[in-house]
Amino acid sequence: MSILVDKNSRVVVQGFTGREGTFHATHMIEYGTNVVAGVTPGKGGTRHLERPVFNTVEAAVTNWSANVSVIFVPAAFAADAILEAASAGIKVIICITEGIPTLDMVKVKHFLKTTESRMIGPNCPGIITPGEAKVGIMPGKIHQKGRIGVVSRSGTLTYEAVHQISNLGMGQSTAVGIGGDPIIGSNFVDIIELFNQDKETEAIVMIGEIGGSAEEEAAVYIKKYVDKPVISFISGQTAPPGRRMGHAGAIISGGKGTASEKIRILKENGIQVVDTPAEIGITVKRILDENG
Amino acid sequence: MKVHEYQAKQIFRDFKVPVPQGAVAEDVDKAIVNAESMGFPCVIKAQVHAGGRGKAGGVRLLHNLEEAGKAAREIIGMKLVSKQTGPLGKQVRKVLIEQALEIKKELYLAIIVDREREMPVIIASTEGGMEIEKVAAKNPELIAKIHVHPVTGFSGFHFRKLVYYLGLTKEQQKNFSGLIKNLYKLFMETDASLVEINPLIITDKDEVVALDGKINFDDNALFKHSHILEMRDLDEEEPLEVEASKYDLNYIRLDGNIGCMVNGAGLAMATMDIIKYYGGEPANFLDVGGGTSEDRVKEAFKILLDDKNVKTVFVNIFGGIVRTDLVARGIVNAIKVMEVNVPIVIRLVGTNEEEGRKIIRESGIDFVLEMSLPEAAQKAVNLSKGA
């Protein structure tokens, strides 16, 4: 088992024939992901990377039963692409695109609540279930099949954690990058709920950062519902208030969303918080060894 | 993106949000002309992207031409130092001259996006003119938060909640009704991330007027609003940050002495954190992004080394999709054409890392190559202290 994507996922790539779409779809196919089709408006009926191209997501769903979509279209059109995927009945929508306006996402998010779709991102590396499906831009090689669920707001910092976990002989059940924007499709709580139900996931790594209150909400949820060990790191302990640290969502405003406050609340709720990013892997190992 | 008060007020006027009459000036003569045409008493306000201008001497009431000249001479060109500018302050290049109004009551009004509820929220308080964070900490009951669902938009009951809370009279309600509807419209249509009026005043004639005005815009949405993008004032931004943004580098200057170059925002923050953990001080946040080309690495080094406080550089690259051998080549080529007098600690991990390290080792340049994150961070910290 795993969460969200596996070898049975039927993936459609939105923005398939563009530069980003082509590059990452190639890597996804090489990894063994079941990419069934692509969508580029105006190019329907052609073929690309040995897969059919459709004008609409709906056609990819009708003809190839696509149930997972990954979006590489430019920011100005990405909100529309999400709405299209959800309207076509796609179950898991993964939006890689960075730079979608916040108020566009506000409307998209409230629309999604009226559908069956679950969305990951935007501005995220995607989801990987090692050995089964890579739906996103993460390097496949550093991942290894295993029993640690990884969920994170960041990209390269997630790779860092995954790398440490793999190097210590452990692996990941699934690794999910939820994205660095203020409004995102799925929050920590949504993903941790899935990891908690997944029999293959033994421990959960949650990598948070400054801004918002998703980590605090997760802490309360974990204390209430999760028996599996949760190991966490929060980046941005040295970030100055009022400055956006790369991610649109990583900003301390009005004294809220500081790393120290998040760490305090996580610890209060029984979560193991590591001081530096270098300790994520060894801490997971120690806790699993202790638990036998 | 931030704009000046006078620009925010122009946008307010465009959306029919009442503001005092006013005109901007860049020199003393124009300021005096403005004051004369406004009539006395009037107000002069320094235009910088920072709050706390009043306490810093950047806002004054003028009663006659003589005072207008004196104030304009003192304020234009001054280094305004407030809590929000940092100790170096900000140079004042423009002033806004505005009519002075009789104030009966000062209120607070703002709109932001509430990330938890994922919708816009109107924040109102009867305690106008004060720092709203202080009010929130001390008397949270004096602040009303009214969420507006994006599907319905601003509705009658939102308005009623606001006016009952603020205790407005019938006449004041009539004047407030257009203002709040238009302000919400402005927030949505310009893709603002913050609209704040502090204070929103009720005049002796029961008019409701935005005495101050602040708007921040969502950087990601500026492609839709070219007329707003034109208002960007590069003089208000840190020059190195402006330079970095030209190359799609995400750079934020800090006070320390270890220059950091990292790919990815999360890892960049985490790198700063580990430096601090081992007793060092990061000089900056710098995310060189995913497609780390040689040109970008070169520019990144230029910007890092332009900060004269930097005593050591720490490069931390996790090669995912980007190949570390390409990054290594970029670093070597950048250093070859630059004069670098500080030690450089490099950590390269990920795709093609063996090849990348080989390039660094065989470059003939004296890099400190270290693969373990804590070891690399400690070395950078020690070098920054001259050890």
Side-chain angles (χ1 to χ4, degrees), chain A residues 23-24 27 75-76 98-107 109-111 125 137-139 141-142 152-160 163 180-183 207 209-214 217 233 235-240 242-250 254-255 259 275-279, chain B residues 84 112-113 115-116 118-120 132-133 136-137 149-151 187-188 191-194 218-224 250 252 254-256 262-278 281-282 285 287 289-290 316-321 349-351 372-375 377:
Chain A
F23 180 80
H24 292 295
H27 283 281
E98 179 179 356
I100 303 179
T102 303
L103 288 177
D104 289 1
M105 274 310 300
V106 165
K107 290 170 203 153
K109 185 71 194 278
H110 288 280
F111 170 72
I137 61 173
M138 67 292 282
K141 261 197 210 156
I142 59 168
S152 167
R153 276 169 70 183
S154 127
T156 43
L157 184 54
T158 318
Y159 310 160
E160 178 76 46
H163 194 62
D181 277 1
I183 308 283
I207 301 172
E209 62 190 27
I210 54 163
S213 59
E217 287 159 32
F233 172 73
S235 68
Q237 297 169 46
T238 46
R243 301 305 306 269
R244 164 185 161 169
M245 304 306 275
H247 292 156
D275 290 327
T276 78
E279 295 163 62
Chain B
Q84 291 185 23
I112 56 169
V113 172
R115 289 169 66 166
E116 282 167 57
E118 300 170 321
M119 60 178 84
I132 198 69
E133 282 88 1
H149 196 283
V151 171
F187 181 82
M188 297 302 286
D191 282 281
S193 55
L194 164 81
D218 179 357
D219 291 338
N220 288 340
L222 289 172
F223 70 89
K224 297 187 210 171
N250 215 317
I252 292 171
L254 303 167
D255 298 329
V262 189
N263 64 332
L267 189 60
M269 274 190 277
T271 304
M272 289 160 50
D273 292 346
I274 198 166
I275 286 172
K276 185 98 172 174
Y277 181 80
Y278 287 116
E281 288 291 336
F285 165 93
D287 172 11
N316 185 15
I317 301 289
F318 196 103
I321 294 301
V349 183
T351 316
S372 136
L373 180 53
E375 291 287 325

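Just so it is clear, the values below take in all heavy atoms, side chains as well, and ignore hydrogens, waters and symmetry mates. Convention: sequence-line order gives letters A, B, ...; per-chain numbering from 1. Here the structure is a predicted model, which means the values were calculated and not measured.
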Supply the atom-to-atom distance [X] [atom1] to [Y] [atom2], rounded to the nearest 0.5 angstrom.
X	Y	atom1	atom2	value
A/T102	B/D219	OG1	CG	9.5 Å
B/L373	A/H163	CG	NE2	11.0 Å
A/E160	B/N316	CD	CG	6.5 Å

Against chain A, label [X] side chain, backbone, both or neither, depending on which of its atoms sit under 4.5 Å from a heavy atom there.
X	answer
B/N250	side chain
B/A192	backbone
B/V262	neither
B/E133	side chain
B/Y278	neither
B/I132	neither

Next item on the list: Could you tell me whether a side-chain N or O of B/D287 sits under 3.5 Å from a main-chain N or O of A/G246, the two making a donor and an acceptor?
Entry: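 Here the side-chain-to-backbone pair does not exist.
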Margin query: So does B/N263 get a backbone contact from the side chain of A/T156, meaning a donor-acceptor N/O pair under 3.5 Å?
Written below: yes
Notebook entry, point to check: Relative to chain B, which of A/R243, A/R153, A/E279 shows the most heavy atom pairs under 4.5 Å?
Noted result: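 The answer is A/R243.
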Check: With respect to chain B, which residue among A/G155, A/S213, A/S152 yields the maximal number of heavy-atom pairs within a distance under 4.5 Å?
Finding: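 Max contact count across the listed options: A/S213.
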Next item on the list: Quick one: which residue pairs count as a salt bridge (charged side-chain N to carboxylate O under 4.0 Å, His left out) with a foot in residues 264-278 of chain B, not counting sequence neighbours?
Entry: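 Passing the test, one end in residues 264-278 of chain B: B/K276-B/E281.
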Margin query: Applying ring-ring contact (aromatic ring centres under 6.0 Å, His included), can you list everything that pairs with B/F223, at least two apart in sequence or on another chain?
Written below: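 Partners of B/F223 by the ring-ring contact (aromatic ring centres under 6.0 Å, His included) criterion come out as none, since no residue qualifies.
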Notebook entry, point to check: More than 12 foreign heavy atoms under 6.0 Å from CG of B/D255: is that the case here?
Noted result: no
Notebook entry, point to check: Any chance CD of A/E98 has more than 12 other-residue heavy atoms, nucleotides or ligands included, within less than 6.0 Å?
Noted result: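 No, CD of A/E98 has 12 or fewer neighbouring heavy atoms, counting only those of other groups under 6.0 Å.
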